[in-house]
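To start, the structure under review is shown below, and the notes come after it.
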Amino acid sequence: MPELPEVHNFKLYFDAAATGQTIADVRVHDDYIIRNLSGPAFTDALTGRRITGSLRRGKYLFADLDNGHALLLHFGMTGDLHLYQDAVDRHKYERFALHFADGNILGFDDPRKFARILYLHDRDAYIREIKLGPDALDITRETWLDSVRGRKTSVKGVLLNQSILAGVGNLYADEICYRTRIHPASRISALSDDQLLTLHAETVAVMTYGTENAPYYKNYPENWFWHVWREEGKPGPEGVGVVKITKVAGRTTYYVEGWQEEVG
DNA sequence: TGTGATGTTGAATG
DNA sequence: GCATTCAACATCAC
């Protein structure tokens, strides 16, 4: 689920469910995903706190607390939020839940346990520490060009690098490459400035479209590239080219041979 | 039964 | 120190 648009959706859900709420209790069922505190310490740190707001940057969602600290929610591959009132509605893979003073319960579900939950004393210091790049919705052309120049990796390797820009994941990266007709395995250094700017513009456009219209990947329009064209050897969209599956930057990658030309 | 999965990290290498 | 690559993480679903 969670690339930038999905996490944007989580933020909307979180704000409606949690902002302004006071945490009356925290129930931890499995503290594996809480990376810097034990379950009991996590409960101690959060109990009594009020949630004052949230900040999304890339795929990272930070909940701000009334003591100036913050709670990081990173959803990994399978993280999800679930608001409910009755304990019987708890989801099977809930790992912990915030119990609010008004009786509502916000569960954090994560079957695969790749999520990362951290209690942070200083949210901004943490963002600097992990060198999280500018949000993919906001990155300027100048910043993009500056941070991409001199790199030797693939186009897809750049798009997935959260220090260069935050928020693009594996599926959107393929979509962006398809739309720009750039082969994902092309060396970024082999692209012209025009191509780099096209890549930037399409990245922002796809992320913007996603946040506004398709916050959940299964709801994408039928003509979105990777959503439909996921079979090796199939003709590409509108009969152009042939769908190929390969690995780029360590991730399964779909592209259309004859439509996206590899350079460099 | 085996394989792959929307992500990140830390170790290894250049 | 920086850039890059890649296995590892834990578990489920097909």
Side-chain angles (χ1 to χ4, degrees), chain A residues 1-11 13 28-36 56-62 72-81 91-96 108-118 120 126-133 135-136 146-178 184-190 203 206-207 209-211 214-221 224-232 245-254 264:
Chain A
M1 287 173 270
E3 299 186 35
L4 189 156
E6 287 76 24
V7 180
H8 168 80
N9 201 38
F10 286 140
K11 174 176 162 58
Y13 190 92
V28 179
H29 320 304
D30 181 341
D31 67 5
Y32 177 83
I33 62 172
I34 302 166
R35 309 293 171 141
N36 65 347
R56 184 196 58 72
R57 176 129 154 212
K59 306 169 195 172
Y60 291 71
L61 181 62
F62 301 91
L72 165 64
L73 305 175
H74 189 293
F75 296 87
M77 300 274 253
T78 56
D80 201 0
L81 296 174
H91 283 174
K92 184 176 176 188
Y93 298 110
E94 181 181 289
R95 303 305 179 185
F96 71 91
F108 189 98
D109 307 331
D110 186 20
R112 210 172 143 192
K113 299 206 279 193
F114 275 26
R116 311 188 82 79
I117 308 300
L118 277 83
L120 302 172
Y126 175 78
I127 290 173
R128 285 194 296 275
E129 181 189 321
I130 64 169
K131 298 182 165 46
L132 187 59
D135 195 78
D146 281 351
S147 47
V148 149
R149 285 198 178 110
R151 300 248 174 197
K152 291 190 179 345
T153 191
S154 60
V155 168
K156 184 150 179 179
V158 165
L159 290 172
L160 294 178
N161 185 332
Q162 305 297 303
S163 300
I164 296 175
L165 76 171
V168 178
N170 196 33
L171 274 43
Y172 281 94
D174 283 357
E175 182 74 28
I176 292 162
C177 288
Y178 172 75
S186 295
R187 297 297 99 181
I188 192 83
S189 56
T203 299
V206 166
M207 289 293 132
Y209 183 89
T211 55
Y216 182 51
Y217 77 110
K218 286 184 177 169
N219 297 335
Y220 281 7
W224 278 46
F225 170 62
W226 55 257
H227 186 43
V228 184
W229 310 96
R230 306 205 71 171
E231 203 179 313
E232 173 99 18
I245 304 178
T246 183
K247 282 240 191 242
V248 180
R251 309 296 300 280
T252 299
T253 297
Y254 297 77

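Protein chains get the first letters and strands the later ones, always in sequence-line order, with residue 1 at the start of each. We use all heavy atoms of the structure for the numbers below, so side chains are in, but hydrogens, waters and symmetry mates are not.
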- prompt: So does K152(A) get a side-chain nitrogen or oxygen closer than 4.0 Å to the phosphate oxygens (OP1/OP2) of dA3(C)?
  reply: no
Practice prompt. Look only at the side chain of D110(A) and the backbone of F114(A), and say whether a donor-acceptor pair between them is shorter than 3.5 Å.
Written response: yes
Rounded to whole Å, CD1 of I117(A) lies from C1' of dG7(B) at a distance of 13 Å
From CG of N170(A) across to P of dG4(B) the rounded distance in Å is 14 Å
The correct set of residues in residues 154-164 of chain A placing a heavy atom under 4.0 Å from DNA chain C is none
Can you find a heavy atom in the side chain of I127(A) that is under 4.5 Å from one in the side chain of Y60(A)? no
When rounded to whole Å, the CD1 to P distance for the pair I33(A) and dT8(B) reads 15 Å
**Message:** Does L118(A) form a side chain to side chain contact (heavy atoms under 4.5 Å, CB included) with H74(A)? I'd like the steps, not just the answer.
**Reply:** CA-CA 9 Å; L118(A) 277 83; H74(A) 189 293; over 6 Å; no
For the residue pair F10(A) and F75(A), categorise the inter-ring angle as parallel (less than 30°), tilted (30 to 60°) or perpendicular (more than 60°).
-> parallel
(Q) Taking dA7(C) as the reference, what is the distance to dT3(B) when you measure between their P atoms (whole Å, please)? (A) 15 Å
Strictly under 3.5 Å: I want the nitrogen or oxygen pairs between protein and nucleotides 12-14 of chain C, one per line.
residue	atom	partner	partner atom	Å
dC12(C)	OP1	Y93(A)	OH	3.4

Separation of dT8(B) atom C1' from L61(A) atom CG, nearest Å, is 17 Å
**Message:** Evaluate I117(A) against L72(A) for side chain to side chain contact (heavy atoms under 4.5 Å, CB included), listing each step before the verdict.
**Reply:** CA-CA 5 Å; I117(A) 308 300; L72(A) 165 64; over 6 Å; no
Partner of R56(A) under side chain to side chain contact (heavy atoms under 4.5 Å, CB included), picked from N9(A), D135(A), L73(A), is D135(A)
Would you mind reporting whether K131(A) and S163(A) have side-chain heavy atoms less than 4.5 Å apart?
yes
**OP:** Step by step, work out the side chain to side chain contact (heavy atoms under 4.5 Å, CB included) result for I34(A) and R95(A).
**Re:** CA-CA 9 Å; I34(A) 302 166; R95(A) 303 305 179 185; over 6 Å; no
Scanning both residues in full, the closest heavy-atom pair of A115(A) with I33(A) reads O-CB, 3.7 Å
To the nearest angstrom, the CD1-P distance between I245(A) and dT3(B) comes to 16 Å
Check your understanding: Between dA5(B) and T78(A), is there an OP1 or OP2 to side-chain N/O distance shorter than 4.0 Å?
Key -> no
Separation of dT11(C) atom C1' from E94(A) atom CD, nearest Å, is 17 Å
Whole-Å distance, K113(A) NZ to dT9(B) C1', equals 18 Å
Item to complete: Could you tell me whether the side chain of S147(A) reaches within less than 4.5 Å of the side chain of N161(A), counting heavy atoms only?
Response: no
message = By the 4.0 Å heavy-atom rule, please label G169(A) as base, sugar-phosphate, or nothing.
response = sugar-phosphate
_Span that lies between the P atom of dA10(C) and that of dA11(B), in whole angstrom_ = 15 Å
Which class fits the ring pair F96(A) and F108(A): parallel under 30°, tilted 30 to 60°, perpendicular over 60°?
parallel
All stems that DNA chain C takes part in, i.e. 3 or more consecutive Watson-Crick or G-U pairs with distances under 3.5 Å, are B:2-5 with C:11-14, B:7-14 with C:2-9
Considering only heavy side-chain atoms of M77(A), the closest of dT5(C), dG7(B), dT8(B) is dG7(B)
Between F114(A) and G150(A), whichever has its closest DNA chain C nucleotide further toward 5' is G150(A)
When rounded to whole Å, the CZ to P distance for the pair R251(A) and dC9(C) reads 17 Å
**side chain to side chain contact (heavy atoms under 4.5 Å, CB included) assessment of D80(A) paired with H91(A)** = CA-CA 10 Å; D80(A) 201 0; H91(A) 283 174; 5.7 Å; no
Is the phosphate of dG7(B), meaning OP1 or OP2, less than 4.0 Å from a side-chain N or O of H74(A)? no
Testing dT5(C), dT9(B), dA5(B) for proximity to the side chain of R187(A), the answer is dT5(C)
